[in-house]
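To start, the structure under review is shown below, and the notes come after it.
Position 1 is the first residue of the sequence, and the numbers go up from there. All values below were derived from every heavy atom in this structure, side-chain atoms included, with hydrogens, water molecules and symmetry-related copies excluded. Just follow the structure's listing: the first ligand is 1, and inside any ligand the first atom is 1.
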Amino acid sequence: MILEVIILKINYMLKRVYLDYAATAPADERVIKAMEPYFRRFFGNPSSLHYFGQQARGAMETAREKIAHLIGAQPEEIVFTGGGTEADDFALKGVACAAKLSGNHFITTKIEHSAILNSAKFLTKQACLPCLPAGRPDRQGFVVTYLSPQKDGLIKPENLRAALTDKTILISIMHANNEVGTIEPIKKLAEVIKKFRGAKKFPLFHIDAVQTVGHIPVDVNELGVDLLSISAHKLYGPKGVGALYVRKGITLEPFIHGGEQERGRRGSTENVAGIVGFGKACELAEQEMDAERIRLAKLRDYFIKEVMSKIERVTLNGHATKRLPNNINLSFESIEGESMMLSLDLAGIACSTGSACSSNTLEPSHVMLALGVNPEMAHSSLRFTLGKETTKQDLDYTVNQLVKIIKRLRDISPYKH
Ligand SMILES: *Cc1c(COP(=O)(O)O)cnc(C)c1O
């Protein structure tokens with residue numbers, strides 16, 4: 001009992017530095033304040049025509065306008081979802097069903113989030129969707145082409161062009177990679193698709209913009225995309241709410257068949273408070289993003305410079321300049337990422353490794369392998385992602401701890417060095 005209290009106290013007193021904003025960000029205080037009334041005072045169902053319902057509907061539509069405004073879209077082009085994963089899944093399955101008579105070929109990349117990779121994998125299964133007519137050989141599941149990035153994570157427009165066929169109905173490419181932070185040349189890729197499509201309806205272009213919306217400028221018309229996924233909790237909003245932007249004129253198969261919510265595109269009573277918080281987060285991002293991304297890019301470059309000058313045999317993964325302002329991904333030769341991550345956690349620092357620990361086998365990250373990083377260096381990577389509450393002092397503390405941890409781990413490392 002006494003020991004527990006002491007441990008609790010030590011845990012409480014320990015300096016905590018959160019450098020995992022790409023995994024999730026804390027909700028902004030102003031977001032929480034905006035959400036609060038929609039749990040009790042304005043608790044109505046937005047589909048109800050009485051006062052209570054209309055209060056909720058009004059707030060939801062205001063939020064829709066704010067989200068649309070942030071990405072240069074029209075409010076009616078925003079469909080609320082239960083997060084980024086759902087938005088990605090909706091884009092793939094919605095197009096698969098809607099375009100079932102036009103083709104069965106998808107193009108994506110090897111470095112997508114599992115939200116895209118596993119949806120695509122599902123669609124390759126025979127007769128995976130009831131909407132697909134059975135019996136026709138070309139309708140039995142989808143064929144997926146996975147584009148390989150260059151070493152810096154960039155997808156080349158020529159490679160996309162070469163993969164397009166007259167059966168291609170959808171291309172899905174992430175705006176920025178969540179592990180290594182590389183920002184893809186979306187505008188150039190969209191031009192390739194538009195030229196190929198001509199006056200036809202397909203293929204459509206979807207981007208997973210979960211890591212970019214609210215962090216760097218994103219405009220659907222400027223980029224030339226048809227569908228775009230957003231998640232609120234990656235931009236200081238609540239978890240479990242997101243949106244799919246669907247360009248006017250595109251009809252997708254509804255994601256949830258049910259009520260008429262979201263113009264029949266996603267049944268279920270809306271997450272009103274979550275949506276209000278999402279809207280507030282987008283409004284704040286619009287006002288504060290420009291100053292913040294400059295501040296973060298400076299901190300990012302400072303951190304990289306400090307680590308490189310104080311620790312030997314470190315490499316930066318991802319593109320040197322075309323990268324998210326808050327992303328740092330480094331490989332530390334001859335050390336396991338997991339050991340570093342856990343040692344940092346003991347020092348109160350939260351970051352992430354690229355590897356996924358599954359059933360006793362430690363697979364290196366699919367992103368690192370796709371970039372051509374050798375498996376050993378892929379295992380030695382750490383991702384630090386910065387955010388609103390990150391200070392220079394946090395980074396100095398992290399570098400100091402990292403220097404000590406790396407020295408200790410390299411001293412006991414069985415690898416040759
Ligand atoms: C976090 C993330 C998602 C998933 O979003 P959720 O709201 O957590 O479901 C999808 N894509 C990328 C690139 C992400 O970083």
- Protein contact to atom 7 (O) of ligand 1 [nearest heavy atom, distance to 0.1 Å]: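 Going by distance alone, atom 7 (O) of ligand 1 is nearest to Ser231 OG, 2.6 Å.
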
- Query: So which protein heavy atom does atom 11 (N) of ligand 1 come closest to, and at what separation?
  - Reply: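 Protein heavy atom with the smallest distance to atom 11 (N) of ligand 1: Asp208 OD2, 2.7 Å.
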
- Query: Is Thr85 touching ligand 1 with its side chain, its backbone, both, or neither, if touching means heavy atoms under 4.0 Å apart?
  - Reply: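 For Thr85, the contact with ligand 1 is made by both the backbone and the side chain.
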
- Message: At under 4.0 Å between heavy atoms, is it the side chain or the backbone of Lys239 that contacts ligand 1, or both, or neither?
- Response: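 Looking at Lys239 and ligand 1, no heavy atom falls under 4.0 Å.
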
In ligand 1, which numbered atoms sit nearer than 4.0 Å to a non-hydrogen atom of [X]?
| X | answer |
| --- | --- |
| Gly84 | 5 (O), 6 (P), 7 (O), 9 (O) |
| Lys234 | 1 (C), 2 (C), 3 (C), 14 (C), 15 (O) |
| Gly83 | 7 (O) |

- State, yes or no, whether a side-chain contact exists between Met60 and Phe80 at a heavy-atom distance under 4.5 Å.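 Side chain of Met60 against side chain of Phe80, heavy atoms only: contact under 4.5 Å found.
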
- Can you tell if the side chain of Leu154 reaches within under 4.5 Å of the side chain of Lys322, non-hydrogen atoms only?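 With C-beta onward as the side chain, the pair touches.
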
Sidechain N-carboxylate O distance under 4.0 Å for [X], [Y]:
| X | Y | value |
| --- | --- | --- |
| Glu288 | Arg30 | yes |
| Lys298 | Asp301 | no |
| Arg263 | Glu76 | no |

So is [X] polar-close to ligand 1, meaning N/O to N/O under 3.5 Å?
| X | value |
| --- | --- |
| Asn178 | no |
| Ala22 | no |
| Glu86 | no |

- Aromatic rings Phe42 and Tyr38: how do their planes relate, parallel, tilted or perpendicular, breaks at 30° and 60°?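 Ring orientation of Phe42 relative to Tyr38: tilted.
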
- Query: So Phe142 and Phe106, would you call those rings parallel, tilted or perpendicular, with 30° and 60° as cut-offs?
  - Reply: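 Rings of Phe142 and Phe106: parallel, as their planes differ by under 30°.
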
- Item | Candidate with minimal heavy-atom separation from atom 8 (O) of ligand 1, of His113, His233, Glu179 |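 Nearest heavy atom to atom 8 (O) of ligand 1 lies in His233.
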
- Does the ring of Tyr21 carry Lys388 above it, NZ/CZ under 6.0 angstrom from centre and within 45° of its axis?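 No, Lys388 does not lie over the aromatic ring of Tyr21.
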
